[in-house]
Amino acid sequence: SSGASPHMQVLPGPASMEGTQLCCVVLVMLVVVAGAVRRKAVAKQRPASAVVLFDGICVMCNGFVSFCIDRDPNKLLRFAALESLEGRKLRANHGLSDPPRSFVLIADGHACERSTAAIQTLSMLSPAPWAAFSIFLWVPRLLRDPIYDLGWLTRRQLFGTTEVYACRTPDNNDRFL
């Protein structure tokens, strides 16, 4: 008979738990460090201001603009409809397609479209959790853009249309070009 009591529960030894715990600790540390590095990089890259070009009659797009305005206390973002005179001029100045095929973010003289524009716009918002979306920039555009394109192509059918600038109010009128 062994010296162990029949009522004692045998737990895994420290050697088997150390590896799992160590992996978890290392993973958490990597996530924290990567987040801190990315936040610092985003803060350095954050432009003084940026312009978001959006589909002015799309309900979903107007909702996204309202969402951004509510989470942009520093007023980094300004907005214009893709189909407006200002939107057409900005698209032409940056060599973008006509008719537009995407949401656009113009910052520091550079325009980006599709999933990159959406992710970078979200990463400019406050408070901090929105910057975490920038991690999706590490996913290749080859994978991100088809998902974005599906939303772009079906946005009006799924969410409908509205008046141009339905998201514009007297309180945020200065945010629109």
Side-chain angles (χ1 to χ4, degrees), residues 38-177:
R38 184 66 187 153
R39 278 191 301 278
K40 194 172 188 178
V42 166
K44 284 182 183 177
Q45 295 172 8
R46 188 167 285 175
S49 69
V51 177
V52 173
L53 302 180
F54 67 102
D55 181 349
I57 63 168
C58 166
V59 170
M60 181 182 77
C61 302
N62 274 270
F64 182 74
V65 169
S66 294
F67 177 88
C68 290
I69 289 171
D70 291 345
R71 288 155 186 83
D72 182 23
N74 298 322
K75 298 185 176 186
L76 296 174
L77 299 173
R78 295 181 3 210
F79 305 90
L82 286 159
E83 56 275 357
S84 70
L85 177 61
E86 296 83 4
R88 288 194 308 270
K89 284 181 188 176
L90 286 167
R91 285 194 342 265
N93 290 344
H94 291 279
L96 301 174
S97 66
D98 194 29
R101 65 172 203 259
S102 170
F103 169 90
V104 177
L105 175 67
I106 301 170
D108 294 332
H110 174 73
C112 56
E113 298 180 283
R114 300 167 75 191
S115 65
T116 302
I119 293 167
Q120 287 187 349
T121 300
L122 284 171
S123 72
M124 294 174 70
L125 302 178
S126 294
W130 304 111
F133 276 91
S134 63
I135 198 163
F136 289 110
L137 291 172
W138 294 345
V139 175
R141 287 182 60 194
L142 183 66
L143 299 174
R144 286 186 280 126
D145 281 347
I147 296 167
Y148 174 88
D149 292 342
L150 180 63
W152 178 261
L153 293 172
T154 60
R155 70 196 184 286
R156 289 183 179 175
Q157 294 84 1
L158 293 174
F159 297 95
T161 58
T162 185
E163 297 176 31
V164 174
Y165 292 135
C167 54
R168 192 177 200 164
T169 68
D171 292 338
N172 66 27
N173 193 46
D174 61 326
R175 306 288 297 276
F176 291 85
L177 301 180

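Distance alone, capped at 3.5 Å, is enough to place a donor-acceptor pair between the N172 side chain and the C167 backbone. The backbone N or O of G56 sits less than 3.5 Å from a side-chain atom of E83, completing a donor-acceptor pair.
For L142, the CG atom sits in a loose shell: 12 or fewer heavy atoms of surrounding residues, nucleotides or ligands are nearer than 6.0 Å. Taking a 6.0 Å sphere around CD of Q157, one finds it holds more than 12 heavy atoms contributed by other residues, nucleotides or ligands.
F67 carries R71 over the face of its six-membered ring, with the cationic atom under 6.0 Å from the centre and within 45° of the normal.
L90 pairs in a side chain to side chain contact (heavy atoms under 4.5 Å, CB included) with only one of the listed residues (V51, L82, L96, L85), which is V51.
Side chains of N62 and E163 form no contact here, defined as non-hydrogen atoms less than 4.5 Å apart. F136 places none of its side-chain heavy atoms less than 4.5 Å from the side chain of L143.
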What verdict does the side chain to side chain contact (heavy atoms under 4.5 Å, CB included) test give for Y148 and T116, after you've listed the backbone C-alpha separation in whole Å, the side-chain angles of each residue and the deciding distance to 0.1 Å?
CA-CA 9 Å; Y148 174 88; T116 302; over 6 Å; no

Side chain to side chain contact (heavy atoms under 4.5 Å, CB included) between M60 and L158, intermediate numbers included:
CA-CA 9 Å; M60 181 182 77; L158 293 174; over 6 Å; no

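The two residues A111 and V104 have their closest heavy-atom pair at CB-CG1, 4.3 Å. Across I119 and R144, no two heavy atoms sit closer than the pair CD1-CD, 3.6 Å. The heavy-atom pair separating T121 from C68 by the smallest distance is CG2-SG, 3.8 Å. Considering every non-hydrogen atom in both A117 and C112, the closest pair reads CB-O, 3.3 Å. Among all heavy-atom pairs drawn from R168 and N173, the shortest one is NE-OD1, 2.5 Å. Counting all heavy atoms, side chain and backbone alike, Q120 lies closest to L105 at CB-CD2, 3.7 Å.
With rounding to the nearest 0.5 angstrom, the NZ atom of K75 is 13.0 Å from the OG atom of S49. L77 contributes atom CG, which lies 4.5 Å from atom CE of M124 (distance to the nearest 0.5 angstrom). One distance of note links CZ of F79 with OG of S66; it measures 8.5 Å at 0.5 Å rounding. Of the inter-residue distances, the one linking D145 atom CG with L150 atom CG reads 12.5 Å to the nearest 0.5 angstrom. To the nearest 0.5 Å, the span separating CZ on R78 from CG on L53 amounts to 11.0 Å. Residue R101 holds its CZ atom at 11.0 Å from CG of L153, rounded to the nearest 0.5 Å.
For Y165 and F176, the distance between ring centers is under 6.0 angstrom.
Under a 4.0 Å N-O distance rule, the pair R88/D98 does not qualify as a salt bridge.
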